[in-house]
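Note sheet for the following structure.
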Amino acid sequence: MKIPYGKQTIDDTDIAAVIETLKSDFLTQGPKIKEFEEKFAKYVGSKYAVAVSNGTAALHLACLTLGLREGDEFITTPLTFAASSNCGLYCGAKPIFADIDERGLLNELEIENKISLKTKLIIPVHYSGFVCNMEKIKEIAEKHSLKIIEDSCHALGAEYKNSKIGDCAYSDISIFSFHPVKHIATGEGGMLTTNSKEIYDKLILLRSHGIEKKDKWGQDMTCLGYNYRITDIQCALGISQLNKLNAFLKQRRNIANYYDCAFKNNSSIEIISPLKDEHASYHLYVIKVKNSETREKLYDFLKENNIFCQVHYPLVYFHSYYKNLGYKEGICPNAEKLYNQILSIPIFPSLTKEEQDYVIAKIDEFFKIN
Ligand SMILES: *Cc1c(COP(=O)(O)O)cnc(C)c1O
């Protein structure tokens with residue numbers, strides 16, 4: 001028995017949906033893409049959705065569409081997957097890292113401190129499935145005429161002040177990933193949502209080479225686009241997974257609640273809790289090890305017991321590529337402190353009660369002797 005920190009949940013209806021598409025006329029550029037986009041937009045409450053090959057492609061297209069280019073700066077968090085920042089590098093822009101709060105979310109004051117005349121946009125990340133203070137972030141963005149791309153890869157199904165993540169109530173574009181560890185899986189896959197027709201039209205064009213179809217065989221390439229298309233096979237799986245999303249979310253929230261109760265009285269760790277106007281989606285369940293010196297030992301101990309945790313994330317500017325660009329330790333002290341304490345323990349819909357009890361028992365056992 002090996003327990004990973006996260007994995008997909010695929011059943012026979014998912015498999016049947018994929019097989020049906022394999023037998024259909026379209027493996028790509030067919031009707032399943034539009035169907036997935038429409039159902040996704042309806043679920044999150046946005047006007048438009050554009051499905052793409054993965055979450056990173058979604059981030060790249062979002063930056064391009066909002067006009068990010070060489071010489072610009074954008075602000076994001078260091079506690080995220082590198083793609084949240086790489087997307088801006090693709091456009092020749094410079095990532096500026098702002099510090100985070102104790103829940104791992106971008107701090108609004110830190111954002112404001114990092115704004116310069118070159119700043120073009122902000123990319124908040126709803127770390128682990130908790131929601132950034134979007135009201136404040138939007139206020140700051142409006143004050144300084146900045147655009148907002150929400151990296152919502154952790155937050156499909158999360159809610160905040162009567163708004164569902166993805167409805168773009170507080171942003172220009174929201175992006176998602178369907179990598180197998182995320183809330184719904186398509187193998188590889190991603191989505192952008194927006195309420196702007198203009199942004200939607202640009203995204204459709206950029207997703208497929210920048211080429212517009214004209215009459216008969218006529219085509220015109222009006223901008224430099226990419227092949228960031230998703231396939232009908234993946235979208236068929238996505239539609240089938242989306243049908244189960246509410247059940248998946250319920251299972252994730254139940255597990256989180258169970259862990260919360262179990263760890264409440266453990267004085268060696270701290271848990272991260274949602275605020276009252278926030279309904280978290282628990283892509284990850286992150287514990288903070290108060291004595292950071294024991295974090296690695298805990299990781300090893302759990303691994304010896306077949307529980308495979310992970311650290312989300314080594315800070316973006318700790319990567320050697322970023323160090324070579326000139327980023328140095330000390331930019332975001334809170335993030336650096338938090339990075340040394342965090343550990344993501346198993347959470348995914350099919351994690352059984354027995355497995356949850358086993359994880360809890362092993363963590364308790366570790367802290368009895370450490
Ligand atoms: C998964 C993830 C991405 C990238 O998604 P891919 O589909 O793997 O390209 C970007 N940002 C965050 C925060 C993620 O968790």
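Counting starts at 1 for both ligands and their atoms, in listed order.
For residues 12-52, the set of pairs meeting the ring pair (Phe, Tyr, Trp, His ring centres under 6.0 Å) definition, not counting sequence neighbours, comprises F36-F178, F40-F176, F40-F178, Y48-Y200.
Ranking protein heavy atoms by distance to atom 14 (C) of ligand 1, first place goes to K182 NZ, 3.2 Å.
Taking 4.0 Å as the cut-off between side-chain N and carboxylate O, K143 and E139 do not count as a salt-bridged pair. Using a 4.0 Å cut-off between charged nitrogen and carboxylate oxygen, R207 and E37 count as a salt-bridge pair. For the pair K197 and D201, the salt-bridge criterion is met [side-chain N within less than 4.0 Å of a carboxylate O].
For D14, the salt bridge (charged side-chain N to carboxylate O under 4.0 Å, His left out) partners are K244, not counting sequence neighbours.
The closest approach between G190 and ligand 1 stays at or above 4.0 Å for every heavy atom of the residue. Residue contacts with ligand 1 do not include F176, since none of its heavy atoms lies under 4.0 Å from the ligand. Using a 4.0 Å heavy-atom cutoff, H312 is absent from the residues neighbouring ligand 1.
Proximity annotation for atom 6 (P) of ligand 1: of S53, A155, G55, G55 comes nearest, heavy atoms only.
At a 4.0 Å heavy-atom cut-off, ligand 1 touches N54 through backbone and side chain alike. Counting heavy atoms under 4.0 Å from ligand 1, residue T56 touches it through both backbone and side chain. When non-hydrogen atoms are compared, ligand 1 lies under 4.0 Å from the side chain of Y313 (C-beta onward) but not from its backbone. Residue-level proximity to ligand 1 for H283 is absent, since no heavy atom of it falls below 4.0 angstrom.
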Please report the C-alpha distance between N133 and Y170 in whole Å, then the side-chain angles of each, then the deciding distance to 0.1 Å, and finally whether the side-chain contact (heavy atoms from CB on, under 4.5 Å) criterion is met.
CA-CA 10 Å; N133 189 341; Y170 301 94; over 6 Å; no
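Between S177 and ligand 1, a contact under 3.5 Å exists for at least one N or O pair. Checked against a 3.5 angstrom limit, the closest N/O atoms of D151 and ligand 1 fall inside it.
Within the 6.0 Å centre-distance limit, the rings of Y228 and H60 are counted as a close aromatic pair.
T222 and D220 share no donor-acceptor pair across their side chains, judged by distance under 3.5 Å alone.
Below 4.0 Å from some heavy atom of T80 lie the following atoms of ligand 1, by number and element: 13 (C).
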